[in-house]
Chemist: 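First the structure, then my questions, so here it is.
Note on naming: letters A, B, ... go to the chains in the order of the sequence lines (proteins, then strands), and numbering restarts at 1 for each one. Side-chain atoms are counted along with the backbone in the values below, which use heavy atoms only and exclude waters and symmetry mates.
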Amino acid sequence: MEAMWAALALSLKVAGWATAIDLVFGVAVGFLLARGRFPGRDLIETTLALPMVLPPTVLGYYLLVMIGRRSEFGAWLHGQFGIDLIFTWQAAVIAASIVAFPLVFKPARAAFEAVDPQLEQAARVLGISEPAIFFRVTLPLAWRGILAGLLLAFARALGEFGATLMVAGSIPGKTQTLSVAVYEAVQAGQDHVADSLVLVTSAVSIAVLLSAGRLGAGRSGY
Amino acid sequence: MYFDCDIRKTLRAGKRAFHLDVRLQSNCQRTVILGPSGSGKSLTLKAMAGLVRPDAGYIRLDGRTVFDAGAGIDCPPQRREAAYVFQDYALFPHLTVRQNVGFALVRGWFNPAVAFRREAVDYWLETFQLGHLAHQYPNELSGGQRQRVALARALIAGPRLLLLDEPFSALDPDLRVTMRNELDGLQRRLRIPMVMITHDPADAAIFGDCIVRLREGALDTAEAKCREPGQASGAEGTAVGAEAAIRIGRNRATGRQQDSS
């Protein structure tokens, strides 16, 4: 029982951090894609959307190649700071944030594109600086769409399994998230443990999706 | 000279190209640019505000050069000290009337609070009889109220020039008459120079101390006219007497929509 709560707490922690990371990068990327006109835009967007279609194992393998000790980045981290990411909960955060990333930047992009450019022009003529326009006009008007994406990303990060297992492993109390714990319980024939794990996971996911749906369908506009 | 501009701009959409080529200067307090849609009047007004960058030429507002392609001057809209009232008012839908009106008074990264109190905000809310609506959102307002909010928001920063883009076209006919009179009185009181673009001759009849007609991106010199000096917005008996003179140059036949194929 205690192991289950530990797994739930770890899952929430990993999903929370992954969502926070996706918030920062997803809003930035969504805004750039919505407003920027630069070569290779479509290619960048397609690449960033890949986690939606690639098998999680493929992503996990990419991550191992990129942040593992034998990779340049991994070796540098190890040499410089003595940090090894593989088989840590931080690796699970990286895996979850990448898998959930398209769920944030795509709605963010759509939300930014739906903001009437005339409102930004109005702010411009009123003497407001460009960064202030982003925080005072653009972001508040796009916020609802972004928030719905964030909730979906949180739910997706909570359920992340394949890539997480490959880069973070399944160390009980350390890197074993709910979804990994379910797999382990079934493998070990502990069906009653699996039952409660599955119920908890489903309940949390339903709660998140309900809130996302309410945000999406609720008062649209102002 | 309230404004003096000489600009050229080419817009392309697919195979069609639109050429704007206007030169006009005015020392009338109230100038109306009249023309059908697609004549380039909106583009001209946006160029004055800095929302559209001309390909060539210069723009001077109230004696100050804000754009000069030759000298590489392009003052951002933030620093042109021109107020712009959009055709559909462009009120911030996520902010209350009070926050909209006070918007320009706060320069940081955060919007004025719902309870934002400044003397200037209260003054302009009163001037436009918006006091009882201060906590409403734009979508809860009528067309006339929205226009008042847009004017209050534009005027609070103390602009040197007021640019109005078809200010009455979003209103129904009765309200249009009321709001025209209101703006007329306000302008006479504030004596703020204004440039209005419209396709409605009735607007020109009231506000057109100087009237310029645009057709297909160029000036229609034959129809430019000015009223007698002294008749222009001379309020309170003082000799305001804006010299009602408008000088118009060049009317090349470039202003046609052309198929460049």
Chemist: Take a 6.0 Å sphere around OH of B/Y58 and say whether it holds more than 12 heavy atoms from other residues, nucleotides or ligands.
Modeler: yes

Chemist: Let me know if B/L91 has heavy atoms under 4.5 Å from chain A in its side chain, its backbone, both or neither.
Modeler: backbone

Chemist: So what's closer than 4.5 Å to chain A heavy atoms on B/A83: side chain, backbone, both or neither?
Modeler: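 B/A83 touches chain A through backbone heavy atoms alone.
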
Chemist: Within a 6.0 Å radius of atom CZ on B/R64, are there more than 12 heavy atoms belonging to other residues, nucleotides or ligands?
Modeler: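 Counting other residues, nucleotides and ligands, CZ of B/R64 exceeds 12 neighbours.
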
Chemist: Contact part of B/V106 toward chain A, heavy-atom cut-off under 4.5 Å: side chain, backbone, both or neither?
Modeler: both

Chemist: Does A/R41 CZ have over 12 foreign heavy atoms under 6.0 Å away?
Modeler: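 Counting neighbours around CZ of A/R41, more than 12 heavy atoms of other residues, nucleotides or ligands fall under 6.0 Å, so yes.
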
Chemist: For residues 105-136 of chain A, give me every residue with a non-hydrogen atom less than 4.5 Å from any non-hydrogen atom of chain B.
Modeler: A/Q118, A/L119, A/Q121, A/A122, A/A123, A/R124, A/V125, A/L126, A/G127, A/I128, A/S129, A/E130, A/P131, A/A132, A/I133, A/F135, A/R136

Chemist: Given heavy-atom pairs under 4.5 angstrom as the criterion, report whether the side chain, backbone, both or neither of B/R80 touches chain A.
Modeler: neither

Chemist: Look at atom CH2 of A/W17 and say whether more than 12 heavy atoms of other residues, nucleotides or ligands are closer to it than 6.0 Å.
Modeler: no

Chemist: Please classify the contact between B/A150 and chain A as side chain, backbone, both or neither, with a heavy-atom cut-off of under 4.5 Å.
Modeler: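 For B/A150, neither part sits under 4.5 Å from chain A.
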
Chemist: So if I take each residue of residues 108-119 of chain B and look for any heavy atom under 4.5 Å from a heavy atom in chain A, which residues do I end up with?
Modeler: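 So far as heavy atoms go, B/G108, B/W109, B/F110, B/N111, B/P112 are the residues that approach chain A to under 4.5 Å.
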
